[in-house]
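Every value quoted in this text rests on a predicted model; they were computed, and no experiment measured them. Whatever order the structure lists ligands and atoms in, that order sets their numbers, starting from 1.
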Amino acid sequence: MKMVYSPRHHGHSGHVELYNGQILPAFEKPERAEMIRAAVEARGFGPTIGPSAHGLDPVARVHSPAYVRFLSTLTELWIADGRPFPILPSFWRAPGMRRLEPETVDGKLGHYSFDAGCCFVPGTWDAIQSSVDVALTGADLIRAGEASAYALCRPPGHHAHDETMGGYCYINNAAVAAQALLDSGAARVAILDVDYHHGNGTQAIFYDRADVLVCNIHADPKQEFPYFLGHADETGSGAGEGFNANYPLPWGTGFAAWSAALDDACRRIEAYGPDVLLVSLGVDTFKDDPISQFRLDSPDYFAIGSRIAKLGRPTLFVQEGGYAVEAIGVNVANTLEGFLQG
Ligand code: OKP
Ligand code: ZN
């Protein structure tokens, strides 16, 4: 299995987030990707390759042109205003307010985000582009006939909607890769999101479509971020009815209950019969994750990979979250090894 990785993720560093009323270094930091890369390379699954540049056209198949323009021009607008870095949104619309794009940069920041989880430093936009190129290059490998590939995306993507960033996510890497596969001949794609947090962006992007089955196993939004999406009764709308499945689980969930949800999701995927499977691979389900409340242990990730392998589909793993820096490399590598051993 090849790994796609870009050192350009380092541009997104030194950024911050709001935590307990304080501005602190972000949990989503460059060391994450380096720990994962080292652990995966140490297992010798296959070569590490760099991404090829795909430009913004495949991004625009999922995200609105105005949103992509906002992301790509934010840093220059900020500099033109003579403002200091980092950039962090802190104004949002309440229900009932109007959906008009403000002219000034602070207003635009609120318009295009849903939380203060998406900080910008001068290298952030380049890192975002490299991350989606990593996912698209992974999709290219699958299209070229590889049985599987691993896209070490950073920043992650699954919280990003068509025109909204949030939860450390700017461009929805998995959604863009899925759409690229559909655009190049796949008839049906399934996305299995095993990150601890609900992939609200991925769900919303494909909610009314039958050509992408989205299955999410995650902490119950009644208790956990993203709080406002991810309930079990969200099953799709219109043509997409029946093509979204949520498995919300309570804080404290261990592998017995978690793997029962995985098994159910896998049965659904099997019945759907996708041409390609994308796995939004977050390992923040780990017992020692600093911002999460599930109790999976490192050996459990072998079992996850092995269950996914039983689907027998061309499979692209796309990195999402995981913040226990000392363990995330092992947990990702265990998932991939479990998959490769079948
Ligand atoms: C991203 B991924 C904001 C803290 C809220 C956001 C969690 C984002 C997780 N100051 N937490 O799904 O791992
Ligand atoms: Zn997460």
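Distance check for E320 against the Zn ion (ligand 2): none of its N/O/S atoms falls below 2.8 Å. Look at H218 and the Zn ion (ligand 2): no N/O/S atom of the residue is under 2.8 Å from the metal.
Neither the backbone nor the side chain of Y196 has a heavy atom within less than 4.0 Å of ligand 1. At a heavy-atom distance under 4.0 Å, only side-chain atoms of H159, from C-beta outward, approach ligand 1. Counting heavy atoms closer than 4.0 Å to ligand 1, residue H158 contributes side-chain atoms (C-beta onward) but none from N, CA, C or O.
When only interatomic distances are considered, the shortest N/O to N/O separation between D115 and ligand 1 does not fall below 3.5 Å. Looking at ligand 1, you won't find any N or O of G322 less than 3.5 Å from one of its N or O atoms. In terms of polar-atom proximity, defined here as any N/O pair under 3.5 Å, Y323 does make such a contact with ligand 1.
Interface of E17 with ligand 1, defined as ligand atoms under 4.0 Å from a residue heavy atom, comprises 3 (C), 4 (C), 10 (N). Residue D195 has at least one heavy-atom neighbour below 4.0 Å for each of these atoms of ligand 1: 2 (B), 12 (O), 13 (O). Taking every heavy atom of H197 and a limit of under 4.0 angstrom, the matching atoms of ligand 1 come to 2 (B), 7 (C), 9 (C), 12 (O), 13 (O). Within the listing of ligand 1, atoms 13 (O) sit less than 4.0 angstrom from a heavy atom of G321.
Among all protein heavy atoms, the one lying closest to atom 10 (N) of ligand 1 is L18 O, 2.7 Å. F225 CD1, 4.2 Å is the protein heavy atom nearest to atom 5 (C) of ligand 1.
The distance between the ring centers of F70 and H111 does not fall below 6.0 angstrom. Checked against the 6.0 Å centroid threshold, Y170 and H12 count as a close aromatic pair. Side-chain rings of F339 and F317 approach one another, their centers coming within less than 6.0 Å. In summary, the aromatic rings of Y19 and F27 are positioned with their centroids under 6.0 Å apart.
Residues H54 and D140 bring a donor and an acceptor atom of their side chains to less than 3.5 Å of each other. Using modelled atom types, one finds no donor on one side chain facing an acceptor on the other under 3.5 Å when comparing H218 with E224. No side-chain donor-acceptor contact under 3.5 Å links N246 and H231. No hydrogens or angles considered: nothing links the side chains of E234 and Y207 as a donor-acceptor pair under 3.5 Å.
Taking the six-membered ring where tryptophan is involved, the planes of Y112 and Y67 are tilted, since the angle between them lies from 30° to 60°.
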R267 and E270: salt bridge (Lys or Arg N to Asp or Glu O under 4.0 Å), yes or no, with the steps?
CA-CA 5 Å; R267 284 170 204 275; E270 192 155 39; over 6 Å; no

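Of all the N, O or S atoms in D195, the one closest to the Zn ion (ligand 2) is OD1. Distances from the Zn ion (ligand 2) to each N, O or S atom of H197 single out ND1 as the nearest. The closest approach of D284 to the Zn ion (ligand 2), by N/O/S atoms, is made by OD2.
Not close to ligand 1: Y19, with no non-hydrogen atom less than 4.0 angstrom away.
Using a 4.0 Å cut-off between a side-chain N of Lys or Arg and a carboxylate O of Asp or Glu, R69 and E101 do not qualify as a salt bridge.
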